[in-house]
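Worksheet: one structure, shown below.
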Amino acid sequence: MRPSPWRAPNLFPVTLDPEDSKIITLARSARARNGSAEGAAVRDETGRTYAATNVALDALTLSAVQVAVAMAISSGARSLEAVALVSEGAPSPADEAVAAELGVKSLLVAGPDGTLRG
């Protein structure tokens with residue numbers, strides 16, 4: 001058999017912390033359960049998790065990240081360890097800003113299939 005001239009690029013698999021994988025799964029589940037455009041999950045400083053979807057009403061529009069963060073804060077969280085967003089699109093500047101305000105440097109962003117995006 002002749003070797004192929006094509007070589008795969010040097011890719012390194014991304015290995016997520018199990019707790020980060022958990023919040024991506026929670027975000028995917030919330031999105032699928034509600035048939036929503038976005039699903040998000042956050043983990044607070046004590047390890048509690050909160051999952052939510054976006055809200056799209058005539059009188060109120062919130063991203064999934066905003067809803068999950070509001071749930072965490074209203075439950076007593078003071079900071080966040082991680083934020084995951086599952087969506088076909090990218091996080092909004094407002095999503096990134098609220099995560100940063102609560103101590104998260106970057107969001108975990110995944111497609112609907114759970115594949116992590118850069």
Side-chain angles (χ1 to χ4, degrees):
M1 182 170 172
R2 191 170 190 208
S4 170
W6 183 83
R7 290 184 51 123
N10 289 329
L11 298 177
F12 298 96
V14 175
T15 304
L16 285 178
D17 175 281
E19 292 299 315
D20 290 345
S21 292
K22 175 183 171 182
I23 64 170
I24 290 173
T25 299
L26 289 170
R28 286 184 69 209
S29 297
R31 180 182 183 270
R33 183 174 44 257
N34 293 340
S36 299
E38 296 179 340
V42 301
R43 185 176 61 248
D44 72 11
E45 76 280 3
T46 67
R48 293 178 298 187
T49 57
Y50 306 85
T53 61
N54 59 301
V55 174
L57 303 173
D58 290 338
L60 179 66
T61 302
L62 297 169
S63 73
V65 170
Q66 291 169 331
V67 175
V69 167
M71 290 170 61
I73 295 300
S74 67
S75 295
R78 297 182 185 271
S79 65
L80 299 176
E81 292 180 347
V83 175
L85 172 66
V86 174
S87 174
E88 302 231 7
S92 72
D95 290 344
E96 293 173 336
V98 73
E101 182 175 338
L102 293 169
V104 175
K105 292 181 177 52
S106 64
L107 278 70
L108 298 167
V109 180
D113 65 354
T115 302
L116 197 60
R117 296 192 310 241

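Just so you know, these numbers use all the heavy atoms, side chains as well, and skip hydrogens, waters and symmetry mates. This is a predicted model, so every value here is computed, not measured.
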Say whether Leu107 and Leu16 are linked into one hydrophobic cluster, either directly or through other cluster members, by side-chain heavy-atom distances under 4.5 angstrom.
no
Are side-chain heavy atoms of Leu116 and Leu108 found at a separation under 4.5 Å?
yes
So with a 6.0 Å cut-off around CD of Glu45, is the heavy-atom count from everything else above 12?
yes
Spell out, yes or no, whether Val69 and Ile23 are grouped together once hydrophobic residues are joined by side-chain heavy atoms under 4.5 Å, including indirect joins.
no
Between Arg43 (side chain only) and Val83 (backbone N and O only), is there a donor and an acceptor less than 3.5 Å apart?
no
Is Arg117 reaching over with its side chain to a backbone N or O of Gly89, donor-acceptor style, under 3.5 angstrom?
yes
Hydrophobic cluster identity match, Val67 and Val98, side-chain contacts under 4.5 Å:
yes
Would a distance-only check, ignoring hydrogens and angles, find a side-chain to backbone donor-acceptor pair under 3.5 Å from Ser74 to Ala70?
yes
Tell me, do Val65 and Glu96 make a side-chain contact under 4.5 Å, heavy atoms counted?
no
Is there a donor-acceptor pair closer than 3.5 Å between any side-chain N or O of Glu38 and the backbone N or O of Ala64?
yes
Shared hydrophobic cluster, Val104 / Met71 (ILVMFWY, side-chain heavy atoms < 4.5 Å)
yes
List in chain and number order the residues that pass salt bridge (charged side-chain N to carboxylate O under 4.0 Å, His left out) with Arg78, two or more places apart in sequence or in another chain; answer none if no residue qualifies.
none
